[in-house]
Every structure is written in C-alpha cells, then in structure tokens.
K.L.:
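Quick one: this structure, given as structure tokens, is what I'll be asking you about.
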Amino acid sequence: MMTEQHDKNNSNNNFLSLFKKIILIFSIIIFCVSGALLLKYYVINPYIFNKKLDNIKKIKDKNQNRDFTELLNINQDIKGWIKINNTVIDYPVLQSSKDEPIFYLDRNFKKEKDQNGSIFINSYTGIFDSNTQNTVMHGHSMKSGKMFSALLKYSSLDYFKEHSIVEFDSIYQPGKWKIFAIIKTNSLEKHGKIFNYFTQKFDSQEDFLDLIYEIKIRSIINIPVEVLPDDKIISLSTCSYEMEGFRTVVFARKIRENESELIDFENTELNKNPLMPEGWYRARKIKMPKFEHRRKSI
C-alpha cells in the first residue's frame with residue numbers, strides 16, 4: 001500500500017511539474033509574441049512609415065516649381081500636398097475612385113495596407129478638380145501623433161496663433177490658406193443632426209455663404225477672417241474624443257492674390273458659446289441654445 005501511495009504521489013508530482021513547465025513555455029511564447037508585436041507596432045512600422053515618407057518628401061522638395069509629375073508617376077491618385085509649419089502635418093493628399101471612396105483610410109500613398117492610412121479626399125461627395133470650392137480632407141488622429149493628430153491642438157488659442165496658416169498645393173495650383181474656424185461636430189445621429197460640411201461644389205453663392213455662416217457659429221475660436229462668395233476653402237477633418245464619434249474640423253480660406261498672410265490676432269478670441277451637437281448639451285444636462293440661421297431654409 002505504501003508503495004502504491006508513493007507511486008501515486010510521484011505521478012501527481014510529475015504531472016504537476018509537467019503542467020508547470022507547459023505553463024512556463026506558454027508564458028514565454030506569449031511574452032515573445034507580445035514583444036514581437038510591440039516591436040513591430042512601435043518600432044518597425046514607424047521606421048518603415050518614416051522611411052517611405054522621407055523618400056516621397058525628397059521627390060516633392062526637389063521640385064521647387066511645385067511640379068507634381070514625379071509624384072503622379074508614383075500614384076495617379078495624388079491630388080496635392082498639405083503642410084502646416086512646425087507640425088508633423090507634411091503629407092501627400094490622395095483621392096480614390098467613387099467605387100472605393102475611403103480606399104486610403106488604411107492605405108499609404110503606395111496603396112499598401114498601413115495603419116496610419118493617408119490624408120485623403122473622400123470621393124463620396126465628388127471628385128476633386130480645379131473647380132472644387134470646398135476640399136474636404138480626412139486623416140487619422142493617431143496616438144503616435146502622426147497624420148492629423150495635430151488638429152486636436154487647435155482647441156488652444158495660443159496654438160492656433162502659432163499655426164494659423166496651412167499650405168496646400170494641389171496638382172492644379174499652389175496655395176496658402178488662412179484658418180478661419182475650428183469646430184467640434186458629431187458623426188453619429190444619436191448625438192443629434194449631423195452637420196453637413198462635406199459639400200464640395202455649390203449650386204449658388206448663397207448656398208456657399210450659408211455653409212460659411214454655419215461653420216462660423218460653431219467655431220470654438222472667433223477668427224476675423226472674411227470669406228467671400230468666390231473664395232475657396234479647405235476642411236481638415238479628424239476623429240475627436242469629446243464624445244463617441246466626434247470630429248474636430250479645421251477650416252481655412254485660400255489667401256487671395258496680393259493679400260497679406262497676417263491675421264488680426266488682437267481681435268481673435270475663444271468663442272464663449274459655439275454651437276455644439278445636441279448630444280453635447282444632453283450629456284451635460286443643459287438646454288441647447290437657439291441660434292439664428294442665415295436663411296430660414298437651414
């Protein structure tokens with residue numbers, strides 16, 4: 001009996017020892033796999049991304065006359081280049097066909113799968129051309145700080161003053177643009193009516209001015225930059241995190257010929273009462289204020 005009990009104990013001990021070894025091996029495997037994934041995500045992928053971006057920047061920078069021929073040889077979907085000085089925003093802008101309107105949401109300028117995606121013009125609302133009056137660009141607000149993450153910093157008045165000019169050279173013409181509004185808006189209907197800032201071309205000048213008015217009453221900063229009926233604007237949109245599905249959108253107007261780049265910062269101030277999405281007021285249990293609209297049809 002003692003021998004049987006001893007054998008049984010040995011068997012249990014061997015099983016326990018084997019079990020511990022298996023757990024240890026699995027732990028080591030999980031640790032190694034996790035480490036490899038973290039290395040790929042935080043080191044290898046950013047290195048590859050930066051290397052490719054540096055290469056295409058060199059091609060862009062050597063063409064001082066802003067000729068896009070070489071870039072278009074890389075990818076015919078390139079529509080321009082956007083840059084904001086002293087930020088990471090310095091990227092090609094792409095647009096795919098209407099068949100795949102958000103193709104570049106998770107692909108780089110070489111059409112390769114890439115978690116960073118690209119800065120792209122959504123083709124749902126039309127194909128970009130020289131007559132586009134409102135060029136709407138989308139980009140991720142990556143935790144790494146890349147792509148359009150810098151747009152979230154425009155909640156600060158000081159940051160706006162230091163980065164008030166956007167450079168956007170399209171394949172049709174170069175241009176600098178004055179920021180005239182920064183808004184927070186919703187993309188989910190549960191937070192209220194979705195503000196349509198996506199229209200690229202307008203049936204009338206009044207329609208365009210209606211949009212400008214609706215943008216300005218939503219702006220979190222009051223910026224004394226006038227927008228006229230014949231002006232062109234760009235709308236830079238990225239994910240925001242005030243509430244689920246929120247967006248931060250920065251709007252800029254093209255600087256006119258012979259116009260100064262200066263903005264009247266003395267009369268630029270935080271807006272104490274910008275129009276926010278309905279869900280924003282609901283979450284704070286405060287009544288949504290009524291705002292006058294430019295035309296009763298709005």
Side-chain angles (χ1 to χ4, degrees), residues 49 52-53 56 59-60 66 68-84 89-142 146-149 151 166-175 177 181 183 185-189 193-204 207-208 210-212 214-215 231-240 245-254:
F49 173 84
K52 290 177 180 176
L53 187 60
I56 196 172
I59 295 172
K60 187 263 297 186
R66 297 173 178 175
F68 278 84
T69 302
E70 282 193 71
L71 294 179
L72 290 170
N73 287 336
I74 295 172
N75 188 340
Q76 286 290 315
D77 288 342
I78 291 176
K79 301 300 179 184
W81 196 283
I82 188 166
K83 179 178 180 179
I84 302 178
I89 297 177
D90 189 6
Y91 301 112
V93 178
L94 298 103
Q95 185 180 46
S96 53
S97 68
K98 280 193 171 184
D99 296 332
E100 298 180 279
I102 55 172
F103 178 83
Y104 288 102
L105 182 69
D106 58 357
R107 288 176 175 83
N108 61 29
F109 64 89
K110 288 191 171 183
K111 299 186 178 183
E112 303 162 333
K113 279 283 189 178
D114 191 318
Q115 65 195 15
N116 295 285
S118 295
I119 306 304
F120 69 96
I121 302 168
N122 193 329
S123 57
Y124 272 128
T125 51
I127 298 300
F128 173 75
D129 60 31
S130 60
N131 295 317
T132 299
Q133 193 167 12
N134 175 24
T135 303
V136 185
M137 305 178 211
H138 303 266
H140 292 304
S141 53
M142 301 295 291
K146 296 185 186 302
M147 310 316 291
F148 267 176
S149 293
L151 298 185
V166 180
E167 295 177 31
F168 171 55
D169 297 335
S170 77
I171 57 176
Y172 304 106
Q173 57 185 345
W177 310 68
I183 74 169
T185 190
N186 56 307
S187 65
L188 302 176
E189 289 184 351
K193 184 179 179 181
I194 295 173
F195 174 46
N196 178 18
Y197 58 90
F198 308 108
T199 303
Q200 295 188 42
K201 296 177 182 178
F202 300 84
D203 295 331
S204 69
D207 288 343
F208 176 68
D210 283 341
L211 175 66
I212 299 304
E214 292 294 320
I215 289 170
D231 283 329
K232 290 186 176 183
I233 67 171
I234 53 176
S235 307
L236 314 180
S237 179
T238 195
C239 291
S240 199
F246 262 43
R247 299 286 184 269
T248 291
V249 192
V250 174
F251 298 89
R253 187 261 290 162
K254 189 173 184 181

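Scope of the values below: all heavy atoms of this structure, side chains included, with no hydrogens, waters or symmetry mates. Numbers here are sequence positions counted from 1.
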K.L.:
With side chains defined as the heavy atoms from C-beta onward, is the minimum distance between Ile82 and Phe148 less than 4.5 Å?
P.N.:
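Side chain of Ile82 against side chain of Phe148, heavy atoms only: contact under 4.5 Å found.
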K.L.:
Please answer whether the main-chain N or O of Thr125 pairs with a side-chain N or O of Asn122 as donor and acceptor at a distance below 3.5 Å.
P.N.:
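No: the side chain of Asn122 does not pair with the backbone of Thr125.
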K.L.:
Between Lys201 and Asp207, does any side-chain N to carboxylate O distance fall below 4.0 Å?
P.N.:
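No, this pair does not count.
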K.L.:
Does a donor on one side chain sit under 3.5 Å from an acceptor on the other, for Thr199 and Asn134?
P.N.:
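Thr199 vs Asn134: no donor-acceptor pair found between side chains.
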K.L.:
Please evaluate residues Phe195 and Ile215 with respect to the criterion side chain to side chain contact (heavy atoms under 4.5 Å, CB included), reporting the C-alpha separation (whole Å), side-chain torsions for both, the decisive distance (0.1 Å), and the verdict.
P.N.:
CA-CA 9 Å; Phe195 174 46; Ile215 289 170; 3.9 Å; yes
K.L.:
CG/Asp106 to CD/Glu112 distance, rounded to the nearest 0.5 angstrom?
P.N.:
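The distance works out to 12.5 Å.
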K.L.:
List the residues meeting side-chain hydrogen bond (donor to acceptor under 3.5 Å, both in side chains) with Glu70, not counting sequence neighbours, and say none if there are none.
P.N.:
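Expected list: Lys62.
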K.L.:
Indicate the atoms forming the closest heavy-atom contact of Val249 with Phe251, along with that distance.
P.N.:
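Closest approach of Val249 to Phe251: CG1-CZ, 3.4 Å.
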K.L.:
OG/Ser96 to CG/Leu105 distance, rounded to the nearest 0.5 angstrom?
P.N.:
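Output value for this atom pair is 10.0 Å.
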K.L.:
Do Ile234 and Val166 come within less than 4.5 Å of each other through their side chains, counting heavy atoms only?
P.N.:
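Yes, at least one pair of side-chain atoms sits under 4.5 Å.
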K.L.:
Can the positive tip of Arg107 be found less than 6.0 Å from the middle of the six-membered ring of Phe103, inside 45° of the ring normal?
P.N.:
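Yes, cation above the ring, under 6.0 Å and within 45°.
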K.L.:
Strictly distance-based, threshold 3.5 Å: is any side-chain N or O of Thr238 a donor or acceptor partner for the main-chain N or O of Gly139?
P.N.:
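A pair under 3.5 Å: yes.
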K.L.:
Using side-chain heavy atoms (C-beta onward) and a distance below 4.5 Å, is Ile89 in contact with Lys83?
P.N.:
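Result no, sub-4.5 Å side-chain heavy-atom pair not found.
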K.L.:
Pairing donors with acceptors under 3.5 angstrom, does anything connect the side chains of Asp77 and Tyr104?
P.N.:
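Yes - a donor-acceptor pair under 3.5 Å links their side chains.
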K.L.:
Of all the heavy-atom pairs spanning Pro92 and Ile56, show the shortest one and how long it is.
P.N.:
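Looks like CG-CD1, 4.3 Å.
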K.L.:
Which atom names give the shortest non-hydrogen contact between Leu72 and Ile78, and what distance separates them?
P.N.:
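Looking at all heavy atoms of both residues, the closest pair is CD2-O, 3.3 Å.
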K.L.:
How many angstroms lie between atom OG of Ser240 and atom CZ of Phe246, to the nearest 0.5 angstrom?
P.N.:
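Reported to 0.5 Å precision, the distance equals 8.0 Å.
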K.L.:
Grab the two heavy atoms, one from Gln115 and one from His140, that are nearest each other, plus how far apart they are.
P.N.:
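In terms of heavy atoms, the two residues are closest at O-CD2, 3.8 Å.
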K.L.:
How long is the straight-line distance from CD1 of Ile233 back to CD of Gln200, given to the nearest 0.5 Å?
P.N.:
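Answer rounded to 0.5 Å: 10.5 Å.
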K.L.:
Return yes when atom CD of Gln173 has more than 12 non-hydrogen atoms of other residues, nucleotides or ligands closer than 6.0 Å, and no otherwise.
P.N.:
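Yes, CD of Gln173 has more than 12 neighbouring heavy atoms, counting only those of other groups under 6.0 Å.
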K.L.:
Give a yes or no on whether the ring-centroid distance for Phe120 and Phe109 is below 6.0 angstrom.
P.N.:
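Aromatic pair excluded; centres sit 6.0 Å or further apart.
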K.L.:
Among side-chain atoms of Ser149 and Ser141, is any donor-acceptor pair under 3.5 angstrom?
P.N.:
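No - no donor-acceptor pair under 3.5 Å links their side chains.
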K.L.:
Inspect the surroundings of CG in Asp203 and state if more than 12 heavy atoms from other residues, nucleotides or ligands are less than 6.0 Å away.
P.N.:
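No, not enclosed.
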K.L.:
Answer yes or no: is there a side-chain heavy-atom contact under 4.5 Å between Ser235 and Phe198?
P.N.:
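In short, these two side chains do not touch, never coming nearer than 4.5 Å.
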K.L.:
Is it true that a side-chain atom of Gln133 and a backbone atom of Lys232 form a donor plus acceptor pair closer than 3.5 Å?
P.N.:
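Checked: no pair found.
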K.L.:
Heavy-atom distance under 4.5 Å between the side chains of Tyr197 and Arg247, does that happen here?
P.N.:
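Counting from C-beta outward, Tyr197 and Arg247 do come under 4.5 Å.
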K.L.:
Looking at side-chain heavy atoms only, is the closest gap between Thr135 and Met137 below 4.5 Å?
P.N.:
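A side-chain contact exists here, since the closest heavy-atom pair is under 4.5 Å.
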K.L.:
Kindly indicate, with the supporting measurements, whether the criterion side chain to side chain contact (heavy atoms under 4.5 Å, CB included) is fulfilled by Asn186 and Ile194.
P.N.:
CA-CA 6 Å; Asn186 56 307; Ile194 295 173; 3.9 Å; yes
K.L.:
Thinking salt bridges, do Lys254 and Asp231 make one under a 4.0 Å N-O criterion?
P.N.:
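Result for this pair is no, no salt bridge flagged.
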K.L.:
So, Gln95 versus Ser123: side-chain donor-acceptor pair below 3.5 Å or not?
P.N.:
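Ser123 and Gln95 do not have a side-chain donor-acceptor pair below 3.5 Å.
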K.L.:
Can a side-chain donor-acceptor contact be found between Asn108 and Tyr91 if the only test is distance below 3.5 angstrom?
P.N.:
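Absent: no donor and acceptor within the cut-off.
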K.L.:
For Ser170 and Phe68, work out which heavy atoms get closest and say how close.
P.N.:
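Looking at all heavy atoms of both residues, the closest pair is O-CE1, 3.3 Å.
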K.L.:
Between Asn75 and Leu71, is there a side-chain heavy-atom distance shorter than 4.5 Å?
P.N.:
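Heavy-atom side-chain distance check fails, nothing below 4.5 Å.
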K.L.:
To the nearest 0.5 Å, how far apart are CZ in Phe128 and NZ in Lys79?
P.N.:
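Taking CZ in Phe128 and NZ in Lys79, the distance rounds to 8.0 Å.
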K.L.:
Ser187 side chain to Gly245 main-chain N or O, any donor-acceptor pair under 3.5 Å?
P.N.:
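Checking the backbone N and O of Gly245 against the side chain of Ser187, a donor-acceptor pair under 3.5 Å is found.
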K.L.:
Ignoring hydrogens and geometry, is there a side-chain-to-backbone donor-acceptor pair from Trp177 to Glu167 under 3.5 Å?
P.N.:
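Side chain of Trp177 to backbone of Glu167: no pair is present.
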K.L.:
Could you tell me if the side chain of His138 sits less than 4.5 Å from the side chain of Ile119, heavy atoms only?
P.N.:
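When only atoms from C-beta onward are counted, His138 and Ile119 do not touch, as no gap falls below 4.5 Å.
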